[in-house]
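All remarks here apply to the structure that follows.
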Amino acid sequence: MRVLVLGGDGFCGWPTSLHLSERGHEVVIVDNLSRRNIDNELEVSSLTPISSMSTRLAAWKEVTGRDIKWVRLDVAKDYEKLLALLREFEPDAVVHFAEQRAAPYSMKSSWHKCYTVNNNLGATNNLLAAVVETGQDIHVVHLGTMGVYGYGTAGMKIPEGYLRIQVETEDGKTIEKEILYPADPGSIYHLTKTQDQLLFAYYNKNDKVRITDLHQGIVWGTQVEQTARDDRLINRFDYDGDYGTVLNRFLMQAAIGHPLTVHGSGGQTRAFIHIQDTVRCIELAIVSPPERGERVRILNQMTETHRVADLAKLVSGLTGAPVEHVDNPRNEAAENELWVENGKLLGLGLEPITLGEGLLREVTDIAQKYSYRCDRDKIPARSMWRKAPELAEAGPSGL
Ligand code: NAD
Ligand code: USQ
């Protein structure tokens, strides 16, 4: 298949591109390198020494003999170039990773809020408008987030995208319907993902665009089979207070003897998936697209759920690192339960890597090996969800 990977230089996009290339798909990457520029803005670098795009692609060619092309363009701004590329390449599928993905970064200032909304919604709408304009039957596979649902489940399992409801009509009848699960974003970043869902629903209804939206949990781990083959192919590892996600941060903190930074009580429960499973899920989604005319297919791309405090305990037990409960900079529920339906990807053949496997290897092979590159000053999460302390007192709203 011909696959266009938008955001193919990123943490999920790079290993996905290599995985798909190795599986025989023809891959073209689009990326504007905004993520690397944000590292410059934040004065931080990936813990792992990532190579430039041209070095990465030359190394892949050298190691496997396979070509991956890279086109540098801004999906949110360069609409005409994107349209021309779709017309020229005629992809069977477009995998859309090209968004600003950090919740803390999206909350840093009003500028960061505007950037995140303009970038993410601009990119998604440009892609969908361009797909329709080409007249081609392109399957759009988007990386969404578990966070669109909020994390409170009122005692029920979160279904895969749609909620079955019953409505009483005026003449006393009961009608059954399926609606998009009510959106409950917890940050400006998560808000953009809930709005992406409406763009997908509309273009799917009006233009019959085939769309798969993968509601992914927090990704942990660094390497996949292909990125581990050569140092020049290594994947990025974010550990800083804005882009580092919780489990990878704990693994790095343990490696350098830093206390594990649990926000508040650590009672927050979240969904997780290993990066190797991410790339497998994306391939599964690509090779079994929805039918034309089928509604947007939503799959929950996660394999297990954990409380943050339990993760800290697990990593501490493996490494001896102390646990520190720090003030939570976010406006989120201190405690929540989370049950998630994920039968669709399992049904397509996903065999999950669980947390127990590989956790310690991740600490030694990646976090310890590159710990000399860590800037300890970048570890604390300094992006605040609310400015005034009196507002923070009010506590989070939500389900
Ligand atoms: P990332 O920031 O590492 O990668 C995103 C890539 O997209 C970067 O290389 C960036 O330069 C590029 N990009 C951003 N805006 C662009 C634009 N306008 N034009 C062209 N390129 C652009 O993020 P990631 O961790 O790889 O996440 C990829 C996707 O998966 C995101 O949409 C994110 O919301 C989703 N996701 C990630 C996680 C996670 O834990 N990392 C979990 C769930 C969902
Ligand atoms: N947390 C800590 N200590 C830390 C860092 C985080 O306790 O040092 C807590 C946070 O307060 C939060 C939880 O861990 O309760 C998760 O935070 P995170 O930064 O790991 O994840 P999040 O901000 O939700 O975002 C990440 C990705 C995002 C993706 C999302 C999936 O950056 O792109 O959409 O995970 S999900 O969480 O399922 O919505």
Side-chain angles (χ1 to χ4, degrees), residues 5-16 29-39 46 53 71-78 82 95-107 115-116 118-120 122-124 126-127 142-151 185-187 189-190 192-193 196 214-220 235-236 238-239 241-250 253 260-273 275 278 282 300-302 305-309 311-312 324-326 328-330 332-334 336 338 340 379-381 385:
V5 181
L6 309 181
D9 184 43
F11 170 62
C12 298
W14 175 241
T16 301
I29 288 176
V30 166
D31 206 295
N32 65 349
L33 305 187
S34 52
R35 180 67 194 86
R36 292 182 189 242
N37 289 333
I38 290 173
D39 272 350
S46 161
M53 259 311 242
V71 180
R72 184 171 180 176
L73 69 80
D74 187 326
V75 183
K77 289 185 179 155
D78 301 329
L82 177 67
V95 189
H96 175 26
F97 295 104
E99 297 186 84
Q100 191 301 100
R101 71 103 177 129
Y105 184 83
S106 77
M107 303 300 287
Y115 167 71
T116 302
N118 292 337
N119 186 62
N120 293 5
T124 301
N126 279 356
L127 170 63
H142 172 251
L143 271 292
T145 175
M146 286 298 303
V148 295
Y149 303 118
Y151 308 101
S187 72
Y189 154 72
H190 287 99
T192 65
K193 294 288 185 175
D196 280 344
L214 300 167
H215 287 186
Q216 186 169 239
I218 301 170
V219 182
W220 69 279
N235 199 17
R236 73 162 35 247
D238 297 313
Y239 68 91
D242 286 314
Y243 274 87
T245 51
V246 63
L247 182 53
N248 277 4
R249 270 165 68 75
F250 287 173
Q253 291 166 352
L260 311 182
T261 53
V262 172
H263 291 170
S265 68
Q268 310 91 314
T269 308
R270 294 291 182 271
F272 292 85
I273 182 165
I275 185 74
T278 290
I282 290 162
N300 290 339
Q301 185 164 306
M302 51 71 68
T305 60
H306 296 279
R307 286 170 79 237
V308 167
L311 286 179
E324 189 184 359
H325 289 262
V326 299
N328 194 343
R330 305 187 185 201
E332 62 184 1
N336 68 287
L338 186 61
V340 182
I379 295 177
W385 258 233

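Both counts, for ligands and for their atoms, begin at 1 and track the order of listing. The chain is numbered in sequence order, starting from 1.
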Report all protein residues having a heavy-atom distance below 4.0 Å to some atom of ligand 1; order the list by chain, then number.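 Lining ligand 1 at under 4.0 Å, by heavy atoms, one finds G7, D9, G10, F11, C12, D31, N32, L33, S34, R35, L73, D74, V75, A76, F97, A98, E99, R101, N119, L143, G144, Y189, K193, Q216, G217, I218, V219, R236.
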
Any sub-3.5 Å donor-acceptor pair from Q253's side-chain atoms to T261's backbone N or O?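 A pair under 3.5 Å: yes.
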
Do side-chain atoms of N336 reach the backbone of T269 as a donor and acceptor pair under 3.5 angstrom?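 At least one qualifying donor-acceptor pair exists.
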
Quick one, [X] and [Y] - any side-chain contact, counting heavy atoms below 4.5 Å?
X	Y	answer
S46	Y239	no
E99	K193	yes
W220	T245	no

Could you tell me which residues satisfy salt bridge (Lys or Arg N to Asp or Glu O under 4.0 Å) with D9, sequence neighbours excluded, listed by chain and number?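 Listed in chain order: R36, R56.
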
How close do S265 and H325 get, counting heavy atoms only, and between which atoms?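 Shortest heavy-atom contact: O-CE1, 3.3 Å.
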
May I ask you to decide if the ring planes of Y105 and Y243 are parallel, tilted or perpendicular, using 30° and 60° as cut-offs?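 Tilted, since the angle between the ring planes falls between 30° and 60°.
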
Atom pairs, nitrogen or oxygen, ligand 2 to protein, under 3.5 angstrom:
from	atom 1	to	atom 2	distance (Å)
ligand 2	1 (N)	H263	ND1	3.3
ligand 2	3 (N)	T261	O	2.6
ligand 2	7 (O)	H263	N	2.8
ligand 2	8 (O)	R249	NE	2.8
ligand 2	8 (O)	R249	NH2	3.2
ligand 2	8 (O)	T261	O	3.2
ligand 2	8 (O)	T261	OG1	2.8
ligand 2	11 (O)	H263	ND1	2.8
ligand 2	11 (O)	E332	OE2	2.7
ligand 2	15 (O)	R270	NH2	3.4
ligand 2	15 (O)	E332	OE1	3.0
ligand 2	15 (O)	E332	OE2	2.9
ligand 2	19 (O)	R330	NH2	2.9
ligand 2	20 (O)	V246	N	2.7
ligand 2	23 (O)	R330	NH1	2.7
ligand 2	23 (O)	R330	NH2	3.4
ligand 2	32 (O)	R101	O	3.3
ligand 2	32 (O)	R101	NH1	2.9
ligand 2	33 (O)	R101	O	2.8
ligand 2	33 (O)	Y189	OH	3.1
ligand 2	34 (O)	T145	OG1	2.8
ligand 2	34 (O)	Y189	OH	2.7
ligand 2	37 (O)	Y151	OH	3.2
ligand 2	39 (O)	T145	OG1	2.7
ligand 2	39 (O)	G147	N	2.9
ligand 2	39 (O)	Y151	OH	2.7
ligand 2	39 (O)	H190	NE2	3.2

Sequence neighbours left out, what passes side chain to side chain contact (heavy atoms under 4.5 Å, CB included) with A123? Give chain and number order.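 Side chain to side chain contact (heavy atoms under 4.5 Å, CB included) check on A123 returns V75, A76, H96.
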
